[in-house]
Amino acid sequence: MFTIVMRFVTGLAGIYQGWLNTAVTSASIVAVWFLGSWFRSRRERKAATS
C-alpha cells in the first residue's frame, strides 16, 4: 500500500514539475515578447515626436 501511495505521489510531483516548467517557460516568453513590443512602441513614439 505504501509503495502505491509513494508511486502516486511521485507521479503527481512529476506532472506538477512538468506543468510548472511549462508555465515558467510560457510566462518568460510572454514577458520577453511584451517587453520587446513595449520597447519598440516607445522607440517608434519617440521617433514620431522628434
Side-chain angles (χ1 to χ4, degrees):
M1 179 61 192
F2 182 69
T3 49
I4 295 170
V5 171
M6 281 303 294
R7 197 173 295 160
F8 181 70
V9 168
T10 48
L12 267 183
I15 292 168
Y16 178 72
Q17 192 74 36
W19 272 108
L20 199 69
N21 288 343
T22 307
V24 167
T25 305
S26 51
S28 49
I29 287 171
V30 167
V32 166
W33 174 81
F34 179 77
L35 278 174
S37 57
W38 182 70
F39 273 123
R40 198 178 302 126
S41 65
R42 239 179 51 156
R43 209 181 305 131
E44 282 170 8
R45 220 169 285 136
K46 207 175 285 175
T49 51
S50 60

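Keep in mind it's a predicted model, so treat the numbers as computed, not measured.
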Donor-acceptor contacts under 3.5 Å from residues 6-17 side chains, at least two apart:
{"residue": "T10", "atom": "OG1", "partner": "M6", "partner atom": "O", "Å": "2.9"}
{"residue": "T10", "atom": "OG1", "partner": "R7", "partner atom": "O", "Å": "2.8"}

Determine all donor-acceptor pairs shorter than 3.5 Å in which one atom belongs to a side chain in residues 22-35; sequence neighbours excluded.
{"residue": "T22", "atom": "OG1", "partner": "G18", "partner atom": "O", "Å": "2.8"}
{"residue": "T25", "atom": "OG1", "partner": "N21", "partner atom": "O", "Å": "2.7"}
{"residue": "S26", "atom": "OG", "partner": "T22", "partner atom": "O", "Å": "2.9"}
{"residue": "S26", "atom": "OG", "partner": "A23", "partner atom": "O", "Å": "3.0"}
{"residue": "S28", "atom": "OG", "partner": "V24", "partner atom": "O", "Å": "2.9"}
{"residue": "S28", "atom": "OG", "partner": "T25", "partner atom": "O", "Å": "2.7"}

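- Put simply, OG on S41 and NZ on K46 are 10.5 Å apart, with the number rounded to the nearest 0.5 Å.
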